[in-house]
Amino acid sequence: MFFTRLMSGIVLLLMSFGFIYFGGYALIAFLLLLSLQAFFEMSRVLRFDVYSEKSGDGKEGEFRKFGPLSIIGYIAIIAYYCLIAFTSNPVILVMAVILTVILLLAAYVFAYPNISFENLSGAVFSFMYAPVMLSFVYMTRDLTFGIYIVWMIYISSWGSDTLAYCVGMLTGKTIGNHKMTPKLSPKKSIEGAIGGILGAALLAWLYGKFVMGRVVTDIPNLEWLLAVIGAAGGFFSMVGDLAASAIKRNKGIKDYGKCIPGHGGILDRFDSMIFTAPLTFFLAALLLGVF
């Protein structure tokens, strides 16, 4: 199991690095596939295509794989990423998101009462949660100096997660651990969380000092600004991880899917990146002044 998890993790990491390095249509296509799978996984967890109408055999609550809410969701995700491929205008992208919400509301109205408000809210959340938030990986890559800034998403998410685990293990064997969210994630400790945040800040500082700083020389105090982005990203990375865990606990499932051997689904592996991608984009725009 460990070997399977390690190998699939390495393959996924190399694929992600490759698509982000080349950027452009290749990265958009990769994020589109991730988003479609993530939407599929969340639709199965939230079951927003469960209707109150009776099926042919008289059973209540028939589960449809492709009801109106999911059909609108899949079409909207494809359309949204096609727009991203041809424009970076935030007004157009916001309009696309709002139009999707309006279409989902229209489906709710015309199918009422077979579609409940819980079905509607689940569909809206599933569209916003991974597809829209993951798109900020491409938007960050598309910024000025984006080919360097985009790696901050990985430093903030996967870097902080690894360091939080290492610090948590170390302190657990020495001074002990204080549980951060014992009911939600018993293995996460306050010491590990602090180590992950500070570790992400340190990694970001080193990255700014010895990598990005050698190329980008016109941004004052670059390494310290990246350290701030890394620390903030490290914190929200943990929030993203815990938020995904909270949904699983509420729904009584272990994993979102099985498409990544040893890891589960897309939402199991990219839960922290879903939060750090938009945060990195906005902080880079505000602190570094890149657009």
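These figures come from a predicted structure and were not determined experimentally. Basis for what follows: all heavy atoms, side chains included, without hydrogens, waters or symmetry-related copies.
In this structure, the side chains of I155 and M152 come closer than 4.5 Å at one or more pairs of heavy atoms. Under the 4.5 Å side-chain criterion, counting only non-hydrogen atoms from C-beta, S43 is in contact with F48. The shortest side-chain heavy-atom distance between L163 and L198 does not fall under the 4.5 Å cut-off. Within the 4.5 Å cutoff, the side chain of V215 has no heavy atoms near those of the F145 side chain. Side-chain atoms of W158 and M273, non-hydrogen and from C-beta on, do get closer than 4.5 Å to each other. I20 places a side-chain heavy atom less than 4.5 Å from the side chain of Y154. In this structure the side chain of L46 reaches within 4.5 angstrom of the side chain of K251, judged on heavy atoms. The shortest distance between side-chain heavy atoms of F110 and P68 does not fall below 4.5 Å.
Closest non-hydrogen pair, A193 versus M238, comes out as O-CE, 3.1 Å. Across all their heavy atoms, F39 and P131 have their closest contact at CB-CG, 4.5 Å. Between G230 and A204, the closest heavy-atom pair is CA-CB, 4.1 Å. In terms of heavy-atom proximity, A107 sits nearest to I72 at CB-CD1, 3.7 Å. The minimum heavy-atom distance linking L226 with G208 is given by the pair CD1-CA, 3.4 Å. What you find for I149 and A284 is that their closest heavy atoms are CG2-CB, 3.8 Å.
Note: T276 OG1 to M133 CE = 9.0 Å, rounded to the nearest 0.5 Å. For the atom pair S157 OG and L279 CG, the distance stands at 11.0 Å (nearest 0.5 Å). To the nearest 0.5 angstrom, I28 atom CD1 is 12.0 Å from L33 atom CG. Between the CG atom in L105 and the CD1 atom in I115 there is a gap of 10.5 Å [rounded to 0.5 Å]. Here OG of S121 is found 11.0 Å from CG of L104. Values are rounded to the nearest 0.5 Å. Summarising the geometry, atom CG belonging to L242 is positioned 9.5 Å from atom OG belonging to S237; distances are rounded to the nearest 0.5 Å.
The closest donor-acceptor contact from the side chain of R141 to the backbone of V150 lies at 3.5 Å or more, if one exists at all. Distance alone, capped at 3.5 Å, places no donor-acceptor pair between the Y80 side chain and the T100 backbone. Checking side-chain atoms of T144 against main-chain N and O of F291 turns up a donor-acceptor pair under 3.5 Å. At least one donor-acceptor pair under 3.5 Å links the side chain of S245 to the backbone N or O of D241. Side chain of S156 to backbone of I153: no donor-acceptor contact under 3.5 angstrom is found. The closest donor-acceptor contact from the side chain of T87 to the backbone of I84 lies at 3.5 Å or more, if one exists at all. Between the side chain of Q37 and the backbone N or O of I266 there is no donor-acceptor pair closer than 3.5 Å. Under a 3.5 Å cut-off, the side chain of E191 and the backbone N or O of H178 do form a donor-acceptor pair. For the pair R214 (side chain) and F210 (backbone), a donor-acceptor distance under 3.5 Å is present. Of the possible polar contacts, one joining the S35 side chain to the L31 backbone as a donor-acceptor pair under 3.5 Å is found.
In this structure, V101 is a member of the same hydrophobic cluster as L93, with clusters built from ILVMFWY side-chain heavy atoms closer than 4.5 Å. Note: the hydrophobic cluster containing L203 also contains L288 (ILVMFWY, side chain heavy atoms under 4.5 Å, direct or indirect links). I78 and I75 fall within the same hydrophobic cluster, where Ile, Leu, Val, Met, Phe, Trp and Tyr residues are linked whenever their side-chain heavy atoms come under 4.5 Å apart, directly or through other members. Residues I247 and M180 do not share a hydrophobic cluster, defined by chaining ILVMFWY side chains whose heavy atoms lie under 4.5 Å apart. Follow the hydrophobic side-chain contacts under 4.5 Å out from Y148 and you reach F136 in the same cluster.
Taking the six-membered ring for Trp, Y129 and F270 have ring centres at least 6.0 Å apart. Between Y81 and Y138, the gap from one ring centroid to the other reaches at least 6.0 Å.
Ring planes of F86 and Y25: tilted class, angle from 30 to 60°.
At most 12 heavy atoms of other shown residues, nucleotides or ligands fall within 6.0 angstrom of atom NZ in K258. Other residues, nucleotides and ligands contribute over 12 non-hydrogen atoms within 6.0 Å of the CZ atom of F17. Heavy atoms from other residues, nucleotides or ligands lying under 6.0 Å from OH of Y112 number 12 at most. Within a 6.0 Å radius of CZ in F236, other residues, nucleotides and ligands contribute 12 heavy atoms or fewer.
A search for side-chain contact (heavy atoms from CB on, under 4.5 Å) contacts involving M128 returns V97, V124, V132, not counting sequence neighbours. For D268, the side chain to side chain donor-acceptor pair (under 3.5 Å) test picks out K248, with sequence neighbours left out.
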